[in-house]
Chemist: 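One structure follows; several queries about it will come next.
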Amino acid sequence: MAAEICLSKLPQLIADPNAEFQPSPFFTEQLTAFEVWLDHGSQDKKPPEQLPIVLQVLLSQSHRFRALVLLGRFLDMGPWAVDLALSVGIFPYVLKLLQTSAMELRQILVFIWTKILSLDKSCQVDLVKDGGHTYFIRFLDSLDAYPEQRAMAAFVLAVIVDGHRTGQEACIHAGLIDVCLRHLQPENPHDAQTEPLLLQWLCLCLGKLWEDFSEAQSLGLQSNAPEILIYLLSEPQPEVRASAVFALGNLLDMGSTSSNGVDDDSDDDEKVKAEINVVRSLLQVSSDGSPLVRCEVAIALTRFALGHNKHLKSVAAEYWKPQTNSLLKSPPSLANISSPNNVYSPNNIRQGSSGLASHIGPVLRVGSDSSATCRDGRVSTSSPIATSSIMHGSPQSDDSSQHSDSGILLRENASNGGLSYTRSRPADSVIYSQYISTMCSVAKDPYPRIATIGRRALSLIGVEQVVMKNSRFNSGGAHQGETSAPPSNFGMARSSSWFDMNSGNFSIAFRTPPVSPPQHDYLTGLRRVCSMEFKPHPMNSPEGLADRLISAAAPSNAELIILPQSTIYNWSCGHFSRPLLSGSDDNEEAHARREEREQIALDCIAKCQRSSACKMTSQIASWDTRFDSGTKAALLLPFSPIVIAADENEQIRVWNYDDALPVNSFQNHKLSDRGLSKLLLINELDESLLLAASSDGNVRIWKNFTQKGGQKLVTAFSSVQGHRAAGRSIVIDWQQQSGCLYASGDMSSILVWDLDKEQLLSTIQSSGDSAISALSASQVRSGHFAAGFAAGSVRIFDVRSPDRLIYMARPHAPRMEKVVGIGFQPGLDPYKIVSASQAGDIQFLDVRRAAEPYLTIEAHRGSLTALAVHRHAPVVASGSAKQMIKVFSLEGEQLTIIRYQPSFMGQRIGSVNCLSFHPYKSLLAAGAGDNALVSIYAEENYK
């Protein structure tokens with residue numbers, strides 16, 4: 001047909017030599033046919049037969065732009081489309097087009113290359129061979145393109161240099177480092193922040209450019225990269241922070257070890273100084289709220305452990321030496337360490353006091369007395385360095401020294417009593433000891449993968465952490481004497497979600513001989529253990545160590561296996577392999593479901609508010625949770641007949657109270673340190689998440705918790721970082737409309753977290769006379785929350801007001817008993833609160849009036865243990881240790897008393913540990929301490 005169309009034009013042209021030639025409409029028609037296929041086709045339908053013709057069209061200048069746009073739409077349909085296009089032979093065409101200078105083609109070409117490289121990384125070789133990388137560097141540097149498109153160019157460049165030395169060298173010659181760094185800093189500080197996706201990919205591109213390439217790392221350190229990147233560590237998006245950490249981590253040289261395991265001691269001091277600077281900034285973000293960021297920090301710090309192995313080992317060995325008993329009978333007093341440079345020990349040891357890494361258990365000694373290093377570069381083990389001084393945290397941390405149970409084992413090199421320590425660096429020993437103490441807390445991270453990386457980094461420098469105190473919780477790890485090769489999922493598989501990448505929690509078995517008996521009971525966790533290796537020579541080379549750590553690995557790639565794979569890069573790449581052009585359709589469904597739920601909630605609330613007397617007399621369900629230690633917290637879900645309960649051992653169980661059937665049961669974590677503070681629900685109207693707060697301040701958030709065995713950990717972090725409260729009594733509350741989590745306890749401040757940014761928003765001084773024993777966030781006013789104190793006072797704070805504290809009262813005076821429960825009154829009145837103290841009185845306060853309560857209920861004679869305030873119905877409930885629950889109206893009238901009454905199961909309720917109302921209905925869940933029952937009460941006419 002195409003030939004015939006051409007031939008049919010000939011007679012006319014022969015007859016009239018001046019006639020204008022009309023080009024054949026064939027290509028235009030084929031492109032239109034392809035466009036129709038794009039509107040209706042999909043992976044399941046027959047592939048478009050116009051694809052080879054579209055490639056031909058790329059050769060003709062007049063149709064080229066339209067052909068590229070349609071090709072881009074096709075490639076966006078998914079990896080199968082990219083695969084099909086590559087198999088038809090698209091590659092040489094789009095490679096050739098990178099040599100054109102046509103401005104209008106730039107954006108679509110960058111898009112097409114993004115799609116190709118998100119599927120097939122191997123194209124990097126041909127791109128560099130043809131000089132294609134310069135095209136993308138020019139595009140990245142052009143300010144007239146959209147930031148999202150420039151982010152694609154940064155992605156293409158990151159793939160070009162990913163593990164490809166020729167690509168790294170070519171891009172450095174083309175000036176890529178300067179281009180990236182220039183666009184990472186705003187033109188002037190007041191400008192609106194750059195598109196986060198672009199910042200993220202500029203960082204990832206730099207990280208890949210420097211990865212394992214020491215010349216590039218040196219260039220980066222010289223061009224002031226650390227300073228620019230450190231500035232990004234406080235960005236609101238966790239992905240940007242994680243990418244900045246990834247880039248900083250790749251500036252650290254892991255050091256090359258020569259064959260005999262001795263470093264070519266070519267540390268130039270400039271480089272070491274720059275690296276120490278980078279590590280100092282990384283230590284500060286080691287307690288970021290996002291596991292994505294902390295994971296990158298842990299990996300970067302592992303690189304440091306490999307690069308500075310000798311120095312860290314000698315510092316570690318020096319500091320974990322067991323103290324003499326006389327010194328340990330009394331915990332070290334913090335008073336002596338009032339200033340970082342206080343010289344009070346016989347050896348004039350300077351205290352390296354780190355405010356950040358102070359919440360570690362083990363006792364740490366910092367010696368910067370270089371005279372202890374003998375002439376031949378060995379530290380004699382008998383040297384008197386720091387025998388009598390102890391650094392235990394910094395004066396400004398509210399820590400006390402009772403926490404030395406983190407279980408540290410020291411492996412000493414059994415060579416000849418000396419530690420090979422090439423050069424003493426007094427200035428850095430402070431950072432080395434901060435590094436070790438930070439790593440000890442990383443090894444206890446609430447997110448399992450991060451804790452594993454932390455433990456492995458510590459083992460590289462000879463510090464062995466015994467985290468599992470009880471072999472029962474040791475998930476498949478080896479017991480003493482057994483060795484098992486770790487699973488091979490170190491390089492985490494590329495996956496759509498960072499959280500799925502972490503589902504393989506692996507444990508690595510170290511061959512440690514049996515632990516010797518403890519030296520002294522104050523140091524219950526501090527044990528000494530003989531050296532871990534069975535060969536006589538010391539382990540100074542990381543490679544030698546790797547062989548012994550990973551028995552199943554070939555020695556050649558042992559070095560690679562030691563370093564855990566970064567997750568942020570692969571996870572970010574996933575963004576470009578998903579469709580970018582079409583809007584997502586699942587939003588409409590979610591909207592509809594949300595509206596439906598809002599309507600249900602409004603109906604229930606209206607019913608609640610109308611019922612004048614919520615008598616709560618009928619027990620509609622009684623669930624024997626079979627918890628060993630009684631029920632600690634209970635929670636009713638808003639839109640399904642489900643109750644969730646948890647006990648002190650952090651076992652979480654889910655139960656359907658209509659069908660009286662168990663739904664799911666899982667452990668909040670496998671660590672030995674246990675205790676639960678609270679269960680909360682996040683995103684009630686959407687896919688809700690379950691927040692479980694442990695009493696040590698660790699917060700874990702779960703999704704799919706109502707599917708049997710389907711629960712997934714979404715995120716986990718320590719909500720009281722740096723303030724390990726002396727008591728295990730952290731209190732927490734969540735405020736849906738502001739997205740804030742408030743946390744406090746036996747400490748002088750309240751921490752406010754933004755869970756959307758996964759970042760600490762602010763630290764508010766509680767200015768109280770005692771610990772905070774109850775917290776409640778207002779459901780009406782964003783940023784308002786009330787706190788009850790152990791000495792009986794009550795305060796209300798507003799995050800946004802300059803002095804934060806907006807109200808204080810002592811409603812429970814003259815009694816000084818602690819506030820057990822506090823809450824804003826039902827209905828949407830932001831000014832009225834209820835507070836209950838252990839003495840048994842419930843006080844009703846109005847913030848606008850005086851500090852005196854306007855109503856007092858003497859609910860129980862002493863031993864009040866729980867208070868629940870309904871969000872909308874005009875009722876409050878209180879429970880006591882004397883097996884009794886009472887329900888009151890807001891006027892103080894007692895509506896119901898539930899005691900000892902034989903229920904339909906004939907069980908007593910036991911001491912009341914927790915009470916909680918349904919968010920919208922008149923339902924009350926009560927958890928008992930003695931017999932682990934959870935009972936649910938409703939009004940008489942409950943259906």
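Residue indices begin at 1 and follow the sequence shown.
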Chemist: Which heavy atom of Ser744 sits nearest a heavy atom of Leu775, and at what distance?
Modeler: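 Distance-wise, the nearest heavy atoms are N-CD1, 4.0 Å.
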
Chemist: Ignoring hydrogens and geometry beyond distance, is a side-chain donor-acceptor pair present between Glu817 and His812 at under 3.5 Å?
Modeler: no

Chemist: Do the non-hydrogen side-chain atoms of His784 and Pro830 ever get within less than 4.5 Å of each other?
Modeler: no

Chemist: What's the shortest heavy-atom distance between Gly788 and Ile822, and which atoms?
Modeler: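 Answer, listing the atom of Gly788 first, then Ile822: N-CD1, 4.0 Å.
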
Chemist: Quick one: does Ser694's side chain have a donor or acceptor within less than 3.5 Å of a partner on Gly697's backbone?
Modeler: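 Not confirmed, Ser694 side chain does not pair with Gly697 backbone.
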
Chemist: State plainly whether the residues Glu687 and Lys712 are in salt-bridge range, i.e. N to O under 4.0 Å.
Modeler: no

Chemist: With a 3.5 Å distance limit and no angle check, can you tell me whether Ser776 reaches the backbone of Ala786 through a side-chain donor-acceptor pair?
Modeler: no

Chemist: Are Phe917 and Arg871 side-chain neighbours, meaning at least one heavy-atom pair lies under 4.5 Å?
Modeler: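 No, every pair of side-chain atoms sits at 4.5 Å or beyond.
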
Chemist: Determine, for Asp733 against Lys678, whether the closest basic-nitrogen to carboxylate-oxygen distance falls under 4.0 angstrom.
Modeler: yes

Chemist: Just wondering, do Val834 and Phe888 contact through their side chains at under 4.5 Å, heavy atoms?
Modeler: no

Chemist: Quick test of your reading: applying side-chain hydrogen bond (donor to acceptor under 3.5 Å, both in side chains), list the pairs with at least one residue in residues 818-829, sequence neighbours left out, ordered by first then second residue.
Modeler: Gln825-Tyr854

Chemist: Report yes if some heavy atom in the side chain of Lys632 is under 4.5 Å from a heavy atom in the side chain of Phe627; otherwise report no.
Modeler: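 Answer no - side chains too far apart.
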
Chemist: Atom CD1 in Ile644, atom CG in Leu679: separation rounded to 0.5 Å?
Modeler: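 So the CD1 of Ile644 and the CG of Leu679 are separated by 7.0 Å.
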
Chemist: How long is the span from the CH2 atom in Trp734 to the CD atom in Gln779, to the nearest 0.5 Å?
Modeler: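 Between Trp734 CH2 and Gln779 CD, I get 10.0 Å after rounding to 0.5 Å.
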
Chemist: What are the two closest non-hydrogen atoms of Ser793 and Val819, and how far apart are they?
Modeler: O-CG2, 3.8 Å

Chemist: Taking Val912's backbone N and O only, do any of them form a donor-acceptor pair with Thr865's side chain (distance below 3.5 Å, no angle check)?
Modeler: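 Flag set: sc Thr865 to bb Val912 pair under 3.5 Å.
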
Chemist: Hey, does Ser718 have a side-chain heavy atom less than 4.5 Å from the side chain of Val720?
Modeler: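 In contact.
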
Chemist: If you look at every heavy atom in Val714 and Tyr447, which pair is closest and at what distance?
Modeler: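 Heavy-atom minimum between the residues: O-CE1, 4.5 Å.
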
Chemist: Closest heavy-atom contact between Met747 and Ser766?
Modeler: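 Closest approach of Met747 to Ser766, heavy atoms only: O-OG, 4.2 Å.
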
Chemist: Could you go step by step and tell me if Glu235 and Lys757 meet the side-chain contact (heavy atoms from CB on, under 4.5 Å) rule?
Modeler: CA-CA 9 Å; Glu235 280 294 299; Lys757 304 185 173 112; over 6 Å; no

Chemist: Say whether, by atom type as modelled, one donor and one acceptor occur between the side chain of Lys882 and the main chain of Arg861 under 3.5 angstrom.
Modeler: yes

Chemist: Tell me, with the steps shown, if Gln651 and Ser665 meet side chain to side chain donor-acceptor pair (under 3.5 Å).
Modeler: CA-CA 7 Å; Gln651 183 71 31; Ser665 164; 3.1 Å; yes

Chemist: Taking all non-hydrogen atoms of both residues, which atom of Gln735 and which atom of Ser778 are closest, and how far apart?
Modeler: NE2-O, 2.7 Å

Chemist: Please check: side-chain N/O of Arg653 versus main-chain N/O of Ala645, any donor-acceptor pairing under 3.5 Å?
Modeler: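 No; judged by distance alone, with no hydrogens or angles, the pair does not exist.
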
Chemist: Any side-chain heavy atom of Phe666 within less than 4.5 Å of one from Trp702?
Modeler: yes

Chemist: Counting only heavy atoms not in Met808, do more than 12 sit closer than 6.0 Å to its CE atom?
Modeler: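 Result for CE/Met808: enclosed.
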
Chemist: Between atom CD1 of Ile453 and atom CG of Asp445, what is the distance when rounded to the nearest 0.5 Å?
Modeler: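 That separation rounds to 9.5 Å.
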
Chemist: Do Gln736 and Asn683 have side-chain N/O donor and acceptor atoms under 3.5 Å apart?
Modeler: yes

Chemist: For the pair Arg815 and Asp841, find out whether any cationic side-chain nitrogen is under 4.0 Å from an anionic carboxylate oxygen.
Modeler: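 The answer is yes: the pair qualifies as a salt bridge.
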
Chemist: Quick one: does any side-chain atom of Arg804 pair with a main-chain N or O of Asp798 as donor and acceptor, under 3.5 Å?
Modeler: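 Answer holds: no.
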
Chemist: Would a 4.5 Å heavy-atom cut-off, applied to side chains only, mark Leu681 and Leu635 as touching?
Modeler: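 In short, these two side chains touch, coming nearer than 4.5 Å.
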
Chemist: So, the side chain of Ser801 versus the backbone of Phe797: is there a donor-acceptor pair under 3.5 Å, distance only?
Modeler: no

Chemist: So, Ser762 side chain and Val752 main chain: donor-acceptor pair closer than 3.5 Å or not?
Modeler: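 A pair under 3.5 Å: no.
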
Chemist: Let me confirm one number: the CD-CD distance from Glu758 to Glu239, rounded to the nearest 0.5 Å.
Modeler: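 One gets 8.0 Å once the value is rounded to the nearest 0.5 Å.
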
Chemist: Could you tell me the separation between the CG atom of Asp647 and the OG1 atom of Thr631, rounded to the nearest 0.5 Å?
Modeler: 7.5 Å

Chemist: The criterion is ring-ring contact (aromatic ring centres under 6.0 Å, His included); which residues satisfy it with Phe789, sequence neighbours excluded?
Modeler: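 Testing Phe789 for ring-ring contact (aromatic ring centres under 6.0 Å, His included), a comparison that skips the adjacent residues, returns none.
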
Chemist: Hey, does the side chain of His918 reach the backbone of Pro638 with a donor-acceptor pair shorter than 3.5 angstrom?
Modeler: yes

Chemist: Mind telling me whether Phe717 and Trp753 have parallel, tilted or perpendicular rings, with 30° and 60° as the class edges?
Modeler: tilted

Chemist: Closer than 3.5 angstrom, by distance alone: can the side chain of Gln838 be matched with the main-chain N or O of Val820 as a donor-acceptor pair?
Modeler: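 The answer is no, because no donor-acceptor pair under 3.5 Å joins these two groups.
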
Chemist: Determine whether Arg700 and His669 make a side-chain contact, defined as any pair of heavy atoms from C-beta on separated by less than 4.5 Å.
Modeler: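 In short, these two side chains touch, coming nearer than 4.5 Å.
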
Chemist: Against Gln711, only a single residue in Asn668, Thr706, Asn664, Asn704 fulfils side-chain hydrogen bond (donor to acceptor under 3.5 Å, both in side chains); can you say which?
Modeler: Asn664

Chemist: Roughly how far, to the nearest 0.5 Å, is CG of Leu915 from NZ of Lys886?
Modeler: 13.0 Å

